[in-house]
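Reminder, nothing fancy here: chain letters follow the sequence lines and each chain counts from 1. Since the structure is predicted, the reported quantities are computational estimates derived from the model, not experimental observations.
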Number of protein chains: 2
Amino acid sequence: MAGTRDGGNGSGGTKPVARRLLATATRLFAEQGYDRTSVQEIVDAAGVTKGALYHYFGSKEDLLQEVYSRVLRLQQERLDAFADADAPVEQRVREAAADVVVTTIENLDDASIFFRSMHHLSPEKNKQVRAERRRYHERFRALIEEGQRSGVFSTATPADLVVDYHFGSVHHLSTWYRPEGPLSPQQVADHLADLLLRALRP
Amino acid sequence: MAGTRDGGNGSGGTKPVARRLLATATRLFAEQGYDRTSVQEIVDAAGVTKGALYHYFGSKEDLLQEVYSRVLRLQQERLDAFADADAPVEQRVREAAADVVVTTIENLDDASIFFRSMHHLSPEKNKQVRAERRRYHERFRALIEEGQRSGVFSTATPADLVVDYHFGSVHHLSTWYRPEGPLSPQQVADHLADLLLRALRP
DNA sequence: CACGGCAGACTAACCAGTCGGTATGTGGAA
DNA sequence: TTCCACATACCGACTGGTTAGTCTGCCGTG
């Protein structure tokens, strides 16, 4: 039934038109929100028609989910790499905390869609996204707990709350960060990671 | 032209029906999002008809703006009170930081609407809301800067970023906080304020 | 009787998704 | 080489359904 439809598969060879459609949709969703963006607008901006869009994607919602899974995959991979590295906990946390800030800023459109439009997904897809998000959260929490057990981090705050505290600031980036501002992504990331580490000092 | 329309004025004597409509709309917007909630749903849930709603409000968007201005008014008042108090900076920051967490949790519906649906407002109204938010932000920043100047807070991070860091976590509350969870609003608030203060230690 | 408060049918606009049709490309048989 | 069969890629008019907002009129109260 799916024909050439591009479900939500791995990475590899997506067709140029499909890629352009997804990129255009991402931009428009970020600018105007999911509900305020019509399928017609997307195909017009991408220079094709509805026939093309529905040839590659099953529904408007599928476009949204594609954005999510791309972001989640990317960030999970990066977190795993930093967490598994061979370095002191303190440094691994700092690098992971800073990295998620940089990649979030570099994909600010995806991020703002992610945090603003998740509730537009159908219950099943929403559940799936939440599960992936939890996996990410747990991985980060484990890292904090490791530091707390080994005594380099304070145990004054439950690790769960610490993670939510930091990801709050990441979440918030799309609200206030502007590329034309005075701070580079890396500078912002270093500051935010520093705040986290300072808060965790015993 | 406005007749009995309730623009977006002060506090005082709003009619019961108008209050019920606003409360119902707030709940539905928080549950389903602004765009996914039809005016028909709101009036059905409130036990009236469209005639009543458009008698008291000029448009669906006006309902949204009412939610915003109520929250902003409340939080600005409280921040001013804490900031103007006669106490050491450290304590004033701690109390203000904790208070905004408590009041956000106590009005979690308003908060999630606020952070998720601001982009649904028309440009003018959006601008107005942003201006009020900036006022709030600046007040908080001034407090941090005062502490930095007097040496009780580290100057390692620009005050602006510190404010965004903390409000990120406040913003984020509506994503993860659940009333049935293990922590009371006050406990969460104390933890988050503590994290902020610990991060600011010189 | 005048008017605020509200009912509810109505309208004009819009939108996601469908579907029959067309163009382009590819591989194999004659 | 020519021609046919078939699939992929895409077009765009159309449909069924929904929505915000309007408008006419009723009804109880002062």
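- Checked against side-chain hydrogen bond (donor to acceptor under 3.5 Å, both in side chains), A/Arg198 has the following partners two or more places apart in sequence or in another chain: B/Ser154.
- Residues forming a ring pair (Phe, Tyr, Trp, His ring centres under 6.0 Å) with A/Phe82 (at least two apart in sequence, or on another chain): none.
- Nucleotide C/dC19 holds its C1' atom 16 Å from the CG atom of A/Leu53, rounded to whole Å.
- In terms of the ring pair (Phe, Tyr, Trp, His ring centres under 6.0 Å) criterion, B/Tyr177 has no residue partners (sequence neighbours excluded).
- DNA chain C lies under 4.0 Å from no heavy atom of any residue of residues 115-126 of chain B.
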Give every pair of a protein N or O atom and an N or O atom of nucleotides 17-21 of chain D that lie under 3.5 Å apart, one pair per line with the distance.
residue: D/dA20; atom: OP1; partner: B/Lys60; partner atom: NZ; Å: 2.8
residue: D/dA20; atom: OP2; partner: B/Val39; partner atom: N; Å: 2.9
residue: D/dA20; atom: N7; partner: B/Lys50; partner atom: NZ; Å: 3.0
residue: D/dG21; atom: OP2; partner: B/Tyr54; partner atom: OH; Å: 3.0
residue: D/dG21; atom: OP2; partner: B/Lys60; partner atom: N; Å: 3.0
residue: D/dG21; atom: N7; partner: B/Lys50; partner atom: NZ; Å: 2.9
residue: D/dG21; atom: O6; partner: B/Lys50; partner atom: NZ; Å: 2.7

Stepwise side-chain hydrogen bond (donor to acceptor under 3.5 Å, both in side chains) check, A/Gln148 with A/Thr155: CA-CA 6 Å; A/Gln148 287 179 326; A/Thr155 55; over 6 Å; no

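- Taking A/Glu146 as the reference, A/Arg92 meet the side-chain hydrogen bond (donor to acceptor under 3.5 Å, both in side chains) condition, with sequence neighbours excluded.
- Here B/Gln128 pairs with B/Gln65 under the side-chain hydrogen bond (donor to acceptor under 3.5 Å, both in side chains) rule; sequence neighbours left out.
- In this structure, A/Arg36 places its CZ atom where more than 12 heavy-atom neighbours from other residues, nucleotides or ligands lie under 6.0 Å away.
- The phosphate of D/dA9 has OP1 or OP2 within less than 4.0 Å of a side-chain N or O from A/His55.
- Across the protein-nucleic acid pair, B/Arg20 atom CZ and C/dC6 atom C1' stand 12 Å apart, rounded to whole Å.
- Considering only the side chain of B/Tyr56, C/dG5 comes nearest among D/dC10, D/dC11, C/dG5.
- One end of the helix from C/dC1-D/dG30 to C/dA30-D/dT1 points its axis 10° away from the other end's axis, with each axis taken from 5 pairs and the angle rounded to 10°.
- Applying the side chain to side chain donor-acceptor pair (under 3.5 Å) test to residues at least two apart or on different chains, the pairs with a partner in residues 77-89 of chain A are A/Gln76-A/Asp80, A/Arg78-A/Asp99, A/Asp80-A/Arg139, A/Asp84-A/Arg139.
- The CZ atom of A/Phe57 sits 15 Å away from the P atom of C/dA16 (whole-angstrom rounding).
- Under the side-chain hydrogen bond (donor to acceptor under 3.5 Å, both in side chains) criterion, A/Glu61 pairs with A/Ser122, not counting sequence neighbours.
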Pairs of donor and acceptor atoms involving the side chains of residues 165-173 of chain B, under 3.5 Å and at least two apart or interchain, shall be tabulated with distances.
residue: B/His166; atom: NE2; partner: B/Ala97; partner atom: O; Å: 3.4
residue: B/Ser169; atom: OG; partner: B/His166; partner atom: O; Å: 2.7
residue: B/His171; atom: ND1; partner: A/His172; partner atom: ND1; Å: 2.7
residue: B/His172; atom: ND1; partner: A/His171; partner atom: ND1; Å: 2.7

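- Listed by chain and residue number, B/Phe29, B/His120 satisfy the ring pair (Phe, Tyr, Trp, His ring centres under 6.0 Å) test with B/Tyr34 (two or more places apart in sequence, or in another chain).
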